[in-house]
Amino acid sequence: MALYQQQTIKIYNSLSGKKEEFEPIHEGYVGMYVCGPTVYSNVHLGNVRTFMSFDVVNRYLKHLGYKVRYVRNITDAGHLENDADEGEDRIAKKARLEAIEPMEVVQRYTVDFHNILNSFNFLPPSIEPTATGHIIEQIEIIKCILDNGLAYEVNGSVYFDVLKYNNKKTYGILSKRNVEDLIHNTRQLDGQSDKKNPQDFALWKKAEPQHIMRWPSPWSDGFPGWHLECTAMSTKYLGEHFDIHGGGMDLKFPHHECEIAQAEACNNESPVNYWMHANMLIMNGKKMAKSTGNFILPNEIFTGDNPHISKAYLPSVARFFMLQAHYRSILDFTDDGLQAAEKGFFRLKDAINDIDDLKTSSASTFDVNAWRQRCFDAMNDDFNTPILIAQLFEAVKIINQIKDGSATVTADDLNILKTTMTEFTFDILGLSNTAKESSSSDKLSGVVEILINLRKEARQNKDFALSDKIRDELIEVGIQLQDGKDGTSFTTN
RNA sequence: GGCGUCUUGGCCGAGUGGCUAGGCAAAGGUCUGCAAAACCUUGUACAGCGGUUCGAAUCCGCUAGACGCCUCCA
């Protein structure tokens, strides 16, 4: 029996505003689409947090035995910097500024994106389609919407008719806005527009002569509107109706709202069963923004080369830090928070690495199966990683108690304990057991054992100056000795 | 201006109508040659003001503050 048959997941659905029991359309299979980055600059930490949230969702669903088709796109087509009819697209702008081809911009930052995600130990999506690779599919959807009378062409551009759509369906169903409010509150944009109404959005834009990224279409040489690619690619790879759609909270309106409208306009059905939105990452209490300097690149965390942090942190420490908050909460990124996370993470990791050395007994002083289920319960409750981490620390305490002799465990229970800890910490949360990898070197272990023995002799001879020197100098290189009842062990960080 | 979210102990950060979240930090103790690590003990928090209720930090209203979206944005 698959694990998913024993566990019931509840997902907070942005569409209904409630936690709902998760039932995939096809038993055992999950289709999930997550809006990926626009590759016109380095991926920043806020992006990483959103994608990390869905990396954990992906990992957990897989762990439960679901066959997950996880589609995360790369936006490499030039979208305009604003929704007015004028303006330069961001990729072209970057290309001009750096004097390179637009596709060089795309390549450079796609590679950066993958590098950063790899360093954070992300699992790759099943399919990572690009917008420029799906121009034909996007054109087909525009034709479909035109055929259904919910879009109109003006001067080679095609716009979605929001008011007309709203007569039949509800525009604003996801973001809980009503069209009347939108009409009253739409800001006046400079420049004359071809749109019938300001809240209409582009499906296809005719390219200005200087616009480099352009494709032929029935309406003009131009480029697709900025909401269309996700509808095209999610439909192509997951079907007209699929299970989960995710993205950052800031995409809820207008991007996801427009996706729903496009899909409904073409296929006449709601495309997604569960909408999930990850909340924003802020830094030192304020929005991250390049313009104010309140900003950090993921790589700078690993090197410590940023004025907002006091030292370098391992990717897993940053990952642990972010997973200590629930994905639907705003998270404040601070150096203090990272330091606390670092200590906590090392304590967790050290305890897991101690499991193999624990002694077993004829009885257990705790209920390992009940604890294991509490770990599942935490994740089942809308992927509540902070609660899961709290449960993992309950186990840390037990492991240390067993080590101390104030708790006992049977061999069978120890096996369950170890499996559960490993699965949840490394497979589901996606943390890395980095120290174990470096300390598992037989040569290093051998050398440290020699020093431990030398120190032991020194201590027996009451030569504490020497024994402390060995201990302190090992700490300098990141090796900490731990004197226990059964001799001295060591950990590396 | 409109819409929406949030405000928890020294810090971070969960959660719930009545039962210990957890991490970090702090204090005392055990262990130790001394430390470190670990373990044990200690905090009676939920912005303010009203209301509903047998009972609310958890539900409702108002006030204050923070944030997000409304324009590209994870």
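Below, chains carry the letters A, B, ... as their sequence lines are ordered, and counting in each starts from 1. The structure displayed is predicted, hence computed values, not measured ones.
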Q: Output yes when A:Lys403 and A:Asp357 qualify as a salt bridge under the 4.0 Å nitrogen-oxygen rule, no when they do not.
A: no
**Q.** Where protein sits on nucleotides 30-36 of chain B, one letter per nucleotide: B base, S sugar-phosphate only, - none, heavy atoms under 4.0 Å
**A.** --SBBBB
Collect all protein-nucleotide pairs involving nucleotides 56-61 of chain B in which both atoms are nitrogen or oxygen and the distance is under 3.5 Å.
none

Q. What is the nucleic acid contact for A:Ile282, judged by heavy atoms within less than 4.0 Å: base, sugar-phosphate only, or nothing?
A. nothing
Q: Please determine if a side-chain N or O atom of A:Gln339 lies less than 4.0 Å away from the OP1 or OP2 oxygen of B:rA25.
A: no
Tabulated below should be each protein N or O lying under 3.5 Å from an N or O of nucleotides 4-11 of chain B; please produce it.
none

Q: Rounded to the nearest angstrom, tell me the gap between atom CD in A:Glu342 and atom P in B:rC12.
A: 19 Å
Q: Ignoring hydrogens and angles, state whether a donor on the side chain of A:Asn73 or A:Tyr33 is under 3.5 Å from an acceptor on the partner side chain.
A: yes
(Q) Quick check for you: among B:rA14, B:rC73, B:rC39, whose closest atom lies nearest to any side-chain atom of A:Pro386? (A) B:rA14
Q | A:Asp483: partners by salt bridge (Lys or Arg N to Asp or Glu O under 4.0 Å), with sequence neighbours left out | A | A:Arg455, A:Arg459
Q | Presence of salt bridge, A:Arg374 and A:Asp377, under 4.0 angstrom | A | no
Q) Any Lys/Arg nitrogen of A:Arg108 or A:Glu98 sitting under 4.0 Å from an Asp/Glu carboxylate oxygen of the other? A) yes
(Q) If you apply the rule salt bridge (charged side-chain N to carboxylate O under 4.0 Å, His left out), what do you find for A:Glu342 with A:Lys311, and how did you get there? (A) CA-CA 11 Å; A:Glu342 183 176 59; A:Lys311 59 186 282 272; 2.7 Å; yes
Q: Could you pick out which residue, A:His255 or A:Ser406, lies toward the 5' side of RNA chain B when each is mapped onto its nearest nucleotide?
A: A:Ser406
Q: Would you classify A:Ala325 as touching base, sugar-phosphate or nothing, given that sugar-phosphate means primed atoms plus P, OP1 and OP2, and contacts are heavy atoms under 4.0 Å?
A: sugar-phosphate
(Q) Testing the 3.5 Å rule here: is there a donor-acceptor pair between the side chains of A:Ser234 and A:Glu259? (A) no
Q: Report yes if a side-chain nitrogen or oxygen of A:Arg374 is closer than 4.0 Å to either non-bridging phosphate oxygen (OP1 or OP2) of B:rA14; otherwise report no.
A: no
Q.
Below the 4.0 Å mark, does B:rC70 have OP1 or OP2 next to a side-chain nitrogen or oxygen of A:Arg177?
A. no
**Q.** Dot-bracket notation for RNA chain B, counting Watson-Crick and G-U pairs under 3.5 Å, with | for partners on another strand
**A.** (((((((..(((.....[...))).(((((.......)))))....(((((..]....))))))))))))....
Q.
Run the side chain to side chain donor-acceptor pair (under 3.5 Å) test on A:Thr365 and A:Gln401 for me, step by step, so that the C-alpha distance in whole Å, both residues' side-chain angles and the decisive distance to 0.1 Å come before the verdict.
A. CA-CA 10 Å; A:Thr365 52; A:Gln401 283 174 340; over 6 Å; no
Q.
Just to be sure I understand the rule, does A:Gln391 reach a base, reach only the sugar-phosphate, or reach nothing, if contact means heavy atoms closer than 4.0 Å?
A. nothing
Q. Under 4.0 Å between a side-chain N/O of A:Lys343 and OP1 or OP2 of B:rG23, yes or no?
A. no
Q: Could you pick out which residue, A:Lys397 or A:His326, lies toward the 5' side of RNA chain B when each is mapped onto its nearest nucleotide?
A: A:His326
(Q) When you measure from the side-chain N and O atoms of A:Asn400 to the phosphate of B:rA38, is any distance below 4.0 Å, counting only OP1 and OP2? (A) no
Q.
Any donor-acceptor pair under 3.5 Å linking the side-chain atoms of A:Asn380 with those of A:Tyr60?
A. yes
Q: Would you tell me whether A:Thr75 and A:Glu229 have side-chain atoms, one donor and one acceptor, within less than 3.5 Å of each other?
A: yes
**Q.** Sole candidate of A:Phe321, A:Phe113, A:Phe302 that passes ring-ring contact (aromatic ring centres under 6.0 Å, His included) when paired with A:Phe120
**A.** A:Phe302
Q.
Checking A:Glu457 against A:Asn453: is there a side-chain donor and acceptor pair closer than 3.5 Å?
A. no
Q.
Check this one for me: any side-chain N or O of A:Ser329 less than 4.0 Å away from OP1 or OP2 of B:rA14?
A. yes
**Q.** Rounded P spacing from B:rC31 to B:rG23 in Å
**A.** 24 Å
Q: Evaluate the side-chain proximity of A:Ile244 to A:Leu61: yes if any heavy-atom separation is below 4.5 Å, no if none is.
A: yes
(Q) Under the salt bridge (Lys or Arg N to Asp or Glu O under 4.0 Å) definition, can you give me all pairs with a residue in residues 317-332 of chain A, not counting sequence neighbours? (A) A:Asp55-A:Arg319, A:Arg328-A:Asp382
Q: Indicate, with a heavy-atom threshold strictly under 4.0 Å, whether A:His44 touches base, sugar-phosphate, or nothing.
A: base
Q: Look at the side-chain N and O atoms of A:Asn384 and state whether any lies under 4.0 Å from the OP1 or OP2 oxygen of B:rA14.
A: no
